[in-house]
Asks: 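First the structure, which I've put down as structure tokens, then a few questions once you've had a look.
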Amino acid sequence: MPGITIGDTVPNLEVETTQGRFKLHDYFADSWTILFSHPGDFTPVCTTELGMMAAYADEFSKRGVKLLGLSCDDIASHNEWIKDVEAYSGGHKVKYPIIADPNREIIKQLNMVDPDEKGPNGQQLPSRALHIVGPNKMVKLSFLYPATTGRNMDEVLRVVDSLQKAAKHKVATPVNWKPNEKVVISPSVNNDQAKEMFPQGFETTDLPSKKGYLRFTQV
Ligand code: BEZ
């Protein structure tokens, strides 16, 4: 597969954005970052998505997560479109930078090209790609949605909470997990280690195999 995926370090590309030129690693610094693309400015689903990102910006900020958007349109187009996004989102300001990639170089390197969608002149367009980058500048999670399906920002927030929980404790989050619900202890942790690591205790689910691998705890 071309471009980056989970476990890869994001290349330190120099990008032009609505908030000036910078290198990606300088922007990430040692924070978590959500790097997300959209097919184009002045399109309906994208307007709703960027508006919702602006509305959720404080929630991401509370978790120490920076935002960075991208489409192939130029900076003048982004700046004009931001006025629509802010008006649609009820006045939430777009405080995060948006990368311009008119030459389609960045979307190729960041694995954001939509194989199906094409612009009016047959040019490549980005999909709705979203990489969550960890403080070590490596991709921790990626979404790849087609142009026709808007992303769910509650889900983006939920997976940030899951990633941060897993980074802090040796745990994983089970199906449909939500913050404050129980987590499962990683298989790499044996029961003796689990007793030390989770003094609050843990419950082992009794399953036919009797292997004792499904252990819930609260962290
Ligand atoms: C949209 O944002 O609504 C959109 C963009 C490209 C193709 C289809 C939908």
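Just follow the structure's listing: the first ligand is 1, and inside any ligand the first atom is 1. Quick caveat, the model's predicted, so the values are computed rather than measured. All residue numbers refer to positions in the sequence shown, counting from 1.
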Asks: Could you tell me whether T148 and ligand 1 have an N or O pair separated by under 3.5 Å?
Replies: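 No, since none of the N or O atoms of T148 sits under 3.5 Å from an N or O of ligand 1.
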Asks: Classify the ring geometry between F22 and Y27 as parallel (under 30°), tilted (30 to 60°) or perpendicular (over 60°).
Replies: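 Rings of F22 and Y27: parallel, as their planes differ by under 30°.
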Asks: Just to confirm my output: which protein heavy-atom neighbour is closest to atom 3 (O) of ligand 1, and how far is it?
Replies: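 Minimum-distance protein heavy atom for atom 3 (O) of ligand 1 reads V45 N, 2.7 Å.
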Asks: May I ask whether R128 places a heavy atom under 4.0 Å from ligand 1?
Replies: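 Yes; R128 lies near enough to ligand 1 that a heavy-atom distance drops under 4.0 Å.
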Asks: Strictly under 6.0 Å, is that where the ring centroids of Y96 and F36 end up?
Replies: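 Aromatic pair counts; centres sit under 6.0 Å.
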Asks: Could you list which atoms of ligand 1 come closer than 4.0 Å to a heavy atom of E117?
Replies: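 By the 4.0 Å cutoff, the relevant atoms are 7 (C).
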Asks: Provide, to 0.1 Å, the distance between atom 8 (C) of ligand 1 and the closest protein heavy atom, together with that atom's residue and name.
Replies: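 The closest one turns out to be A147 CB, 3.8 Å.
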Asks: Start with the C-alpha gap between K83 and E86, add the side-chain angles, then the distance that decides, and say whether salt bridge (Lys or Arg N to Asp or Glu O under 4.0 Å) holds.
Replies: CA-CA 5 Å; K83 295 177 198 163; E86 291 178 344; over 6 Å; no
Asks: Identify the two heavy atoms, one from H25 and one from N12, that lie closest to each other, and give their separation to 0.1 Å.
Replies: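 Nearest pair, atom of H25 first, then N12: N-OD1, 2.8 Å.
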Asks: Consider side chain to side chain contact (heavy atoms under 4.5 Å, CB included). Of K182, E181, E203, which one does Q218 pass it with?
Replies: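 With Q218 as partner, K182, E181, E203 yield a single side chain to side chain contact (heavy atoms under 4.5 Å, CB included), made by K182.
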Asks: Could you list the atoms of ligand 1 found under 4.0 angstrom from a heavy atom of P44?
Replies: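 Listed by number with element: 1 (C), 2 (O), 3 (O).
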